[in-house]
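Letters go in sequence order (proteins before strands), and every chain restarts at 1.
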2 protein chains.
Amino acid sequence: MSTSGRGLHGRVLDTLGPEITAGGYPPGSVLRTDELAQRFDVSRSVMREAVRVLESMHLVASRRRVGVTVLPPAEWNVYDPQVIRWRLAGADRPRQLRSLTVLRSAVEPVAAGLAARNATAEQCAALTECALGMVATSRGHRLEDYLVHDTAFHRVILTASGNEMFARLGDVVAEVLAGRTHHEVMFEDPDPAAVTLHVQVAEAVREGDAARAEELTREITVGALQELDILAP
Amino acid sequence: MSTSGRGLHGRVLDTLGPEITAGGYPPGSVLRTDELAQRFDVSRSVMREAVRVLESMHLVASRRRVGVTVLPPAEWNVYDPQVIRWRLAGADRPRQLRSLTVLRSAVEPVAAGLAARNATAEQCAALTECALGMVATSRGHRLEDYLVHDTAFHRVILTASGNEMFARLGDVVAEVLAGRTHHEVMFEDPDPAAVTLHVQVAEAVREGDAARAEELTREITVGALQELDILAP
DNA sequence: GTGACGAATAAGTCTGACTTTTTGGCTCCG
DNA sequence: CGGAGCCAAAAAGTCAGACTTATTCGTCAC
């Protein structure tokens, strides 16, 4: 399911990327292209391409006579979807999930407010459909079906905001929601209050009530923060 | 001043990247690696490395027997600092600046609230110093000096929030502030009310008053939105 | 019209030789 | 004893050419 599945260099990245983002090499560690090529049994050309990609993500820096230096996490392009996936698959998944949830709590309310102003009729219809789908699947342990509608709902909100930076966070939110359903404590049916909030957000967007859409979405994200025990008194 | 200055493939990217992000090639356009290598007078190895980097930014997709296809803007990794720089240097700079300012308006207030809870003594001191610097340079057409302190102020806020996703937006905010000073209508001294707000935010953070820090920062970002004629009634 | 086969095409891969830059040590001189 | 400058090693960087593989398109038979 990884994006870099095609090509030899992609397969190298699939193991080297997670190793680095998991902290397998302390910042400042030096790798040598030739050794890596030997280790993965690929030619230097392929290895160089892989290193270039890691370099563009600011995971490593390549310098002559020194080698490929692993950079500290503060330098990483943490908004790169590939880096996000690698980190979510690694050991500090909880930490990553918390960071992203805080980001959600900042972005989504504003996005919902903008959506109330800018959403097209089609987007309003899609939003209502998602909300109804959430209601329909909110009981009877249909968590997977619920997740589909929930993810679609938030994706429509972000897209309908009309802001491309928000729209591109759709995948991130999808990862967070999937992570919550699959790995966190979520064996029971979703909170009925949360479901109601989603329906009300769809209403507010449809009616063009930006302030209400923003406030209701804020309540949703506050709930998400509380689920992860992130204080917000 | 570009990050990819070193290396031949970096020089290729410095011209090919901006060309693509400026919309020089319609989505779906097909480039051939060999032709590009000829055009830039580099070997195919170097050209392939450059294409790999563009591919990791989701600007292009490379497929066998077809070539290097330019992807539509909706696919681009718009959070990649390199992509942001390329787009800010291009024709749709105003559009980009507006998108980023909306993002700021969502993120910075929340970050300020978190900073009020998490900032260290050193960060509080740095914040106060920045605010005082802004006051000192807010009169007498010292726009460049003011920009330095303003940029530092917002960077400290984002870092002090303790959230790595927020912290990594420091460079983006710096670009937006610099763009406002250098290319927008900003010949006069900064708005005294905005300067005061920054001082008050520093106070609120120092006192640990999260709600007040958030609200004051929201006022700052509302001002930034109004400067770009982005409605927020 | 549809399906299968085959040829053309462009990316993908590998190899080996060569270049360039940087660093670390070594010498030589003050 | 210390510092400036030089030299050699090391690793990334670059290049050229040959070969492989997957994909697409055209053609031909059914």
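- Taking B/Tyr79 as the reference, A/Tyr79 meet the ring-ring contact (aromatic ring centres under 6.0 Å, His included) condition, with sequence neighbours excluded.
- Not one side-chain nitrogen or oxygen of A/Arg63 sits closer than 4.0 Å to the OP1 or OP2 atom of D/dG13.
- Taking the nucleotide of DNA chain C with the nearest heavy atom to each of B/Glu55 and A/Arg64, the more 5' of the two is matched to B/Glu55.
- Straight-line distance from the CG atom of B/Leu36 to the C1' atom of C/dA10: 13 Å, rounded to whole Å.
- For B/Arg206, the side chain to side chain donor-acceptor pair (under 3.5 Å) criterion is met by B/Thr128, not counting sequence neighbours.
- Near DNA chain D, meaning a heavy atom under 4.0 Å away, the residues from residues 38-53 of chain A are A/Arg48, A/Arg52.
- Put simply, CG on A/Leu13 is 13 Å from P on C/dG12, counting in whole angstrom units.
- In this structure A/Asp150 satisfies the side chain to side chain donor-acceptor pair (under 3.5 Å) test together with A/His154, A/His198, sequence neighbours excluded.
- A side-chain donor from one of B/His182 and B/Glu144 sits under 3.5 Å from a side-chain acceptor of the other.
- When only modelled atom types and interatomic distance are considered, B/Ser45 and A/Ser45 share no side-chain donor-acceptor pair under 3.5 Å.
- Considering all non-hydrogen atoms of both residues, A/Val30 and A/Gly67 come closest at CG1-CA, 4.1 Å.
- Of the listed nucleotides (C/dT21, C/dT9, D/dC15), D/dC15 has the atom at the smallest distance from the side chain of B/Leu8.
- One interatomic measurement links the two molecules: NE2 of B/His9 to C1' of D/dC15, which rounds to 16 Å at whole-angstrom precision.
- For residues 24-35 of chain A, proximity to DNA chain C is found at no residue, defined as any non-hydrogen atom under 4.0 angstrom from a strand atom.
- Which of D/dT23, C/dG12, C/dT22 sits closest to the side chain of B/Ser62 comes down to C/dG12.
- The two residues A/Phe166 and B/Ala106 have their closest heavy-atom pair at CZ-CB, 3.9 Å.
- Listed by chain and number, the residues in a side chain to side chain donor-acceptor pair (under 3.5 Å) with B/Arg44 amount to none (sequence neighbours excluded).
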